[in-house]
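The next block holds one structure in the form of structure tokens; read it before the comments.
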2 protein chains.
Amino acid sequence: MSAHSAPAQTEIHTPAASRCAHDFQVNCNNCRLNTICLPLALDIAQVEQLDRIIQRSRPLQKGEHLYRQDEDFQSVFAVRAGSVKAYSITDNGQEQVTGFYLPGEVLGMDGIAKNRHASSARAMETSSICEIPFEKLGELSLRIPSLQKHFFQLMSQEISDDQRLLTLLSKNSADQRVAALLLSISARNKRRQLSAANFRLPMSRTDIGNYLGLTVETVSRVFSRFQKMGVLGVDNKEISIVDVEALRAVADGSENA
Amino acid sequence: MSAHSAPAQTEIHTPAASRCAHDFQVNCNNCRLNTICLPLALDIAQVEQLDRIIQRSRPLQKGEHLYRQDEDFQSVFAVRAGSVKAYSITDNGQEQVTGFYLPGEVLGMDGIAKNRHASSARAMETSSICEIPFEKLGELSLRIPSLQKHFFQLMSQEISDDQRLLTLLSKNSADQRVAALLLSISARNKRRQLSAANFRLPMSRTDIGNYLGLTVETVSRVFSRFQKMGVLGVDNKEISIVDVEALRAVADGSENA
DNA sequence: ATTCCGGCTTGACGCAGGTCAAACCGGGGC
DNA sequence: GCCCCGGTTTGACCTGCGTCAAGCCGGAAT
């Protein structure tokens, strides 16, 4: 294992959560992710109201489900620590990974429309999750306009993200897709004050392939190629971005190869 | 021109709109699309409140823009008649059609997150549009809980739709993609009490290809193939679905060819 | 230490769909 | 009528990625 595995590991022990493994008393005000998952516009009293409806259950083990497709929709979820993948299965049985969710990110909003989850979500590693009952969130939003706005924005962001992914899938080569995913994860790590250059991918090659519309083999080959090109350091799931500029160039198709 | 062009043409003259070409007094209560674009849960008085904030401008001509990427976001839009395509252009200049919007459907919600439109929208034919100022909609939603819920649902539906499209792009063949699009349009026509079997495609082959992540040539070839197979009747943009079951079989990959 | 097993890598080969090029078709302007 | 022009179709060829198959690597169980 390489040197940067240690910082990556701390992901699942945020300051708040690590004070005690069974500390379910963590609240939004002392959560270091609150600038990411919460509206900045809320004052302390409002955050406390929100806090009161949020449920924090025991950590999920790797592989456990947060919710399953077609189950009744009750809540949306925020990742506090760890990571989660969302995926859906179509009528004819094909599985599609629709998103990877890292700490501070919110998932489950696709269930609102039909009051049934349109996808399943499972932990890719041991994870702590905040459950936000949607009925109550709606009520609270009626009294806190900025909260309503924040949720409209969150959902809108999810739409934009999906549309960017759409473009990626329909227009870009395997190299570009993988490069874009790595840059996305890098940026999201950076937002959480983690290293943008060195990190551990929580998902398998298979998941990456499924998400990006590629086979495992292709994903693996791309990683190898990037490594050979001196753009990436790859040690199984440990990734280090050696040449960000080159990676960006690949991502938007302007490399001179 | 074939026999079914007439009903298709009436699309741009809804009962409400056709009373007078410049009748901007149309309102939600007498709009025959209100069960599609409006919450069923609103009572007459509430619909009137909503009605008061909705703006109906002169019809858009083919090719005119409803809004442009990166412009300030002010409103979401509902298609009353005609049809609209939404598309975005990435940093490196590639265009991606992100959706086709038919009467009763709402677009523009991807602009909420950043308060700037994340995509552009232009009329694919002469179209009437309802503009719904988002600021006011938010305020009204605070007073009409079912309206707030409806908009959460609308946005959630858009997320689900995008995710289904994602799966289509990442897992399905050209034949499957085109078949799925045709079935989608057919179903949406049916919902508006129009023929599910015979209709006029408002978009070009190029747009279809762009939307589905295919080239024009491939789209054209698929149409030809479907026609040869006796699944479809194709006369330029006039489509008739001859064998729905076969088309469904193609769409979910269970055809025995 | 040995085996097992799931995830990852690498190679050889084939095909669906992209690319390039040419021709067609239908509507609008003159 | 004629020409023009954008959209569409069709064909011939090429390639990126999927498929199939084999081998590798590392952690868990015994």
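Computed from a prediction, not measured in an experiment: that's the story for all the values here. Naming: A, B, ... by sequence-line order, numbering from 1 per chain.
- The NZ-P distance, from Lys237(A) to dC25(D), rounds to 18 Å in whole Å.
- Residue Glu217(A) places no side-chain atom within donor-acceptor reach of the base of dC8(C), judged by atom type and a 3.5 Å distance cut-off alone.
- Side-chain contact between Glu105(B) and Gln157(B) is absent, with no heavy atoms from C-beta onward closer than 4.5 Å.
- With distances taken from any side-chain atom of Val216(A) to the nucleotides dT9(C), dT9(D), dC17(D), the minimum falls on dT9(C).
- Taking atom NZ of residue Lys171(B) and atom C1' of nucleotide dA16(C), one finds them 17 Å apart after rounding to whole Å.
- For Asn210(B) and dT8(D), the CG to P distance is 13 Å, given to the nearest whole Å.
- In this model, the phosphate group of dT10(D) is approached by a side-chain N or O of Ser224(B) to a distance below 4.0 Å at OP1 or OP2.
- Here the P atom of nucleotide dG7(D) and the CG atom of Leu201(B) are 15 Å apart, to the nearest Å.
- The cationic group of Lys228(A) does not satisfy the cation-pi geometry with Phe226(A), failing either the under 6.0 Å distance to the six-membered ring centre or the 45° limit from the ring axis.
- Judged by distance alone with a 3.5 Å cut-off, a donor-acceptor contact links the side chain of Arg221(A) to the base of dG11(C).
- Ser220(B) comes within contact range of at least one nucleobase, with a heavy-atom separation under 4.0 Å.
- Note on Thr218(B): a side-chain N or O is less than 4.0 Å away from OP1 or OP2 of dG18(C).
- Under a cut-off of 6.0 angstrom, the local environment of NZ in Lys237(B) is crowded, with over 12 non-hydrogen atoms contributed by other residues, nucleotides or ligands.
- With rounding to whole Å, Met203(A) atom CE is found 15 Å from dG7(C) atom P.
- In this model, the phosphate group of dG18(C) is approached by a side-chain N or O of Thr215(B) to a distance below 4.0 Å at OP1 or OP2.
- Between the OG atom of Ser83(B) and the CZ atom of Arg200(B) there is a distance of 10.0 Å, given to the nearest 0.5 Å.
- Comparing Ala174(A) and Asn236(A) along DNA chain D, the residue whose closest nucleotide (by nearest heavy atom) sits nearer the 5' end is Ala174(A).
- Residue Ser204(A) is in sugar-phosphate contact alone, with no base atom involved, counting any heavy-atom pair closer than 4.0 Å across all strands shown.
- Atom P of nucleotide dG18(C) and atom CZ of Arg205(B) are separated by 16 Å, given to the nearest angstrom.
- In this structure, Phe223(A) atom CZ and dG7(C) atom C1' are separated by 13 Å, rounded to whole Å.
- Using a 4.0 Å heavy-atom distance criterion, Gly209(A) is classed as making no nucleic acid contact.
- Between the P atom of dG18(C) and the CG atom of Asn172(A) lies a distance of 14 Å, rounded to the nearest Å.
- Checked options Ile241(A), Val178(A), Val222(A); the residue passing with Leu232(A) is Ile241(A) (criterion: side-chain contact (heavy atoms from CB on, under 4.5 Å)).
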